[in-house]
Amino acid sequence: MDFRVRIIEWLAEQTGLPQEQLAEWLEVPPQPELGDYAFPCFRLAKTMRQAPPKIAAGLAEKAPLDLDWLEKIEAVGGYLNFFVNRASFISRAVSAVLHADAPLAQSDEGQGKNVIVEYSSPNIAKPFHVGHAFTTILGHALYKIYDRLGYNAIRMNHLGDYGTQFGKLIVAYRLWGDEAALVKEPIKELLRIYVLFHDEAKDKPELEQQAREAFRKLEAGAAEEIDLWKRFKDLSLKAFNTVYERLGVSFDYFYGESYYSDKIPDVVKLLREKQILTESEGAQVVMLDEYDLPPCIILKSDGTTIYASRDLAAVLFRDQTWSFERNIYVVGMPQALHFRQVFSVLEKAGVEAAKRCVHVGFGLVKFPDRKLSTRSGHVVFLEDLLQESVDKTLEIIRKNDQLRQADMSEAEMRQVAEKIGIGAIVYTFLKNGRERDIVFSWDEMLDFDGDSAPYVQYTYARARSILRKAGHDDTAADAGLAELMLLDSDDEFALAKLIDGFPAAVSKAAYAYEPYMIVRQVTSLARAFNKYYNQTSILKTEDPALRRARLALLQAVCKTINSGFELTGIEVVERM
RNA sequence: GUCUCGGUGGCCUAAUGGAUAAGGCAGCAGUUUCCGGAGCUGCUGAUACGGGUUCGAUUCCUGUCCGAGACGCCA
């Protein structure tokens with residue numbers, strides 16, 4: 001039973017307003033003392049020609065107080081406040097979670113619908129730095145969320161594996177490449193010659209010309225150039241995979257930019273047919289004045305393609321292949337204009353799929369002192385950040401292990417440190433609205449207090465520890481509904497509300513492409529639980545029925561935390 | 001110059017146009033013979049500035065100031 005739905009039904013009866021409308025207006029009061037649900041009557045004032053407080057008072061008088069699940073209805077100011085029966089609410093919320101056989105918040109709303117999530121998309125031959133962490137972590141979370149909602153979510157890694165930069169690499173490798181170094185540390189070696197190329201090119205402009213020629217040959221299908229390019233690509237992918245594995249990230253397709261190379265003539269043909277392709281300063285462009293946007297270049301003046309044309313080809317290809325419900329681009333905010341242009345070109349060409357494409361932007365990872373730049377080599381490698389975090393975690397675990405004489409094995413400590421260290425990093429990228437810039441700071445990234453993954457993981461581990469000590473059986477829901485009705489304290493009620501609100505948080509997160517909404521829900525739950533067990537002794541509960549009920553509540557808390565973290569790519573641990 | 005975002009306590013962040021603006025960090029004061037102190041309790045402290053719309057504005061419109069980003073042959 002859904003208390004919210006019942007209240008909406010009742011309100012619909014009383015006011016004659018449609019349920020959808022009421023559902024939108026019904027809210028949760030800012031303070032629990034005010035009630036559990038609240039209906040603001042201000043909007044009714046005009047049509048009912050009454051002051052809001054009067055409307056609220058009138059509705060309160062009609063309250064059906066004979067219901068067992070409803071405690072009381074109060075009119076306060078212009079609000080109609082509903083108080084549900086706590087024991088009833090708590091028992092149903094806990095029971096629902098424990099008896100669910102599907103993952104929490106799972107739904108079938110996405111049944112049979114394809115959603116493409118394009119994310120990570122690193123450039124081949126360039127280091128995987130902290131800037132790539134954002135798209136990788138955010139994209140992965142969005143994939144998990146849509147997957148949970150029943151969509152057929154497709155993970156797409158749009159590799160940066162094409163363009164003049166590869167001409168540069170080919171030329172550089174022929175001049176200065178070190179085969180042994182390439183095998184040993186491919187990214188470092190490729191970066192080395194790439195930087196070297198730019199240094200040398202300052203004095204020898206003919207290098208740039210050679211690079212363009214090499215890329216032209218690559219595009220034309222010259223065997224030697226293709227072999228080298230493939231080699232660079234394979235080695236880079238191998239290196240990226242170690243980071244992906246650590247983050248628990250994987251993909252369904254690695255269709256990089258090169259994949260769309262031969263599909264671009266069709267794009268040009270389409271735009272010509274629609275007569276929207278015009279020549280400007282030697283280049284082929286689509287004018288977008290009616291959208292208040294600058295022109296979008298489709299073919300450069302030398303006739304070669306550009307990233308916009310590849311993105312256009314990708315949309316057409318994806319829609320033909322998957323008839324996507326939504327095509328999501330998890331790409332940084334600086335490229336917002338580019339995507340508006342691409343989507344607008346498609347719309348102008350009458351491609352209906354354009355409306356189902358969405359750019360999910362995110363902020364920049366900035367450094368307080370220096371600028372992030374691949375060429376200068378001033379980057380923080382994601383691998384190093386992860387390792388630093390794991391190392392710090394391991395140190396803390398070691399210290400605690402001695403302090404508590406917990407006797408964890410070396411292997412277990414390492415395993416746990418990996419999950420917590422990685423989780424801490426993932427959490428910092430997902431805890432706030434995605435469009436915020438992140439100013440990189442080691443201190444903040446490695447702060448394990450307060451709002452952080454380790455805080456939540458710690459809470460989870462504590463709860464699991466209590467369940468273990470109680471000899472609680474996870475597989476069976478020990479307490480029945482009658483026993484769960486014994487739970488009615490403020491803290492228990494607060495926990496039940498947070499557990500109950502979890503599915504709503506998931507769907508809101510999906511709708512807004514904002515995983516932080518889930519992260520916050522889970523963190524609030526962890527905080528509420530910390531507060532609870534710090535002042536209520538679970539194991540020492542005298543009444544055996546109440547004790548069982550409390551253990552069941554703990555289990556529901558654990559299940560919800562675990563379920564929420566699963567959606568973000570963070571793992572929980574039994575001990576830490 | 002044009003456009004797009006953003007400006008919330010010392011710092012980082014949250015709040016479908018609604019009630020006393022929420023959380024974390026830092027600071028201060030407590031807290032461990034009792035389920036694990038990466039914890040818990042308490043205190044201090046904020047909507048850049050001026051107009052406007054509204055019964056009601058952190059939220060919407062407008063102007064100013066400040067910051068970031070984007071602005072045709074890179075991605």
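Proteins get letters first, then strands, A, B, ... in listed order; numbering begins at 1 in each. What you see is a predicted model, and the numbers here were worked out from it, not measured in a lab.
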Tell me: [atom1] of [X] to [atom2] of [N], nearest whole Å?
X	N	atom1	atom2	result
A:Arg520	B:G23	CZ	P	11 Å
A:Lys469	B:C34	NZ	C1'	12 Å
A:Phe448	B:G24	CZ	C1'	16 Å

Using the side-chain heavy atoms of [X], tell me which of these nucleotides is nearest: [options].
X	options	result
A:Pro454	B:A38, B:G69, B:U41	B:A38
A:Asn400	B:A38, B:C55, B:C35	B:A38
A:Arg436	B:A70, B:G37, B:U13	B:U13
A:Glu435	B:U20, B:G39, B:C5	B:C5
A:Tyr307	B:A75, B:A14, B:C34	B:A75
A:Lys300	B:C74, B:A14, B:C35	B:C74
A:Asn530	B:C40, B:C35, B:A14	B:C40

Under 3.5 Å, is there an N or O donor on one side and an acceptor on the other linking the side chain of A:Ser301 and the base of B:C73?
yes
Would you say the side chain of A:Arg43 and the base of B:U16 hold a donor-acceptor pair, judged only by whether the two atoms sit under 3.5 Å apart?
yes
Just to be sure I understand the rule, does A:Pro40 reach a base, reach only the sugar-phosphate, or reach nothing, if contact means heavy atoms closer than 4.0 Å?
nothing
Using a heavy-atom cut-off of under 4.0 Å over every strand shown, decide if A:Ile306 touches base, sugar-phosphate, or nothing.
sugar-phosphate
So, is A:Tyr516 near the phosphate of B:C12, with a side-chain N or O under 4.0 Å from OP1 or OP2?
no
Return no unless some side-chain N or O of A:Arg527 is found under 4.0 Å from OP1 or OP2 of B:G39.
no
Any side-chain donor near an acceptor of the partner, A:Ser465 and A:Arg575, under 3.5 Å:
no
Between A:Leu364 and A:Ile420, just flag the one whose closest nucleotide in RNA chain B comes earlier from the 5' side.
A:Ile420
Quick check on RNA chain B: between A:Asp449 and A:Glu33, whose nearest nucleotide comes earlier from the 5' end?
A:Glu33
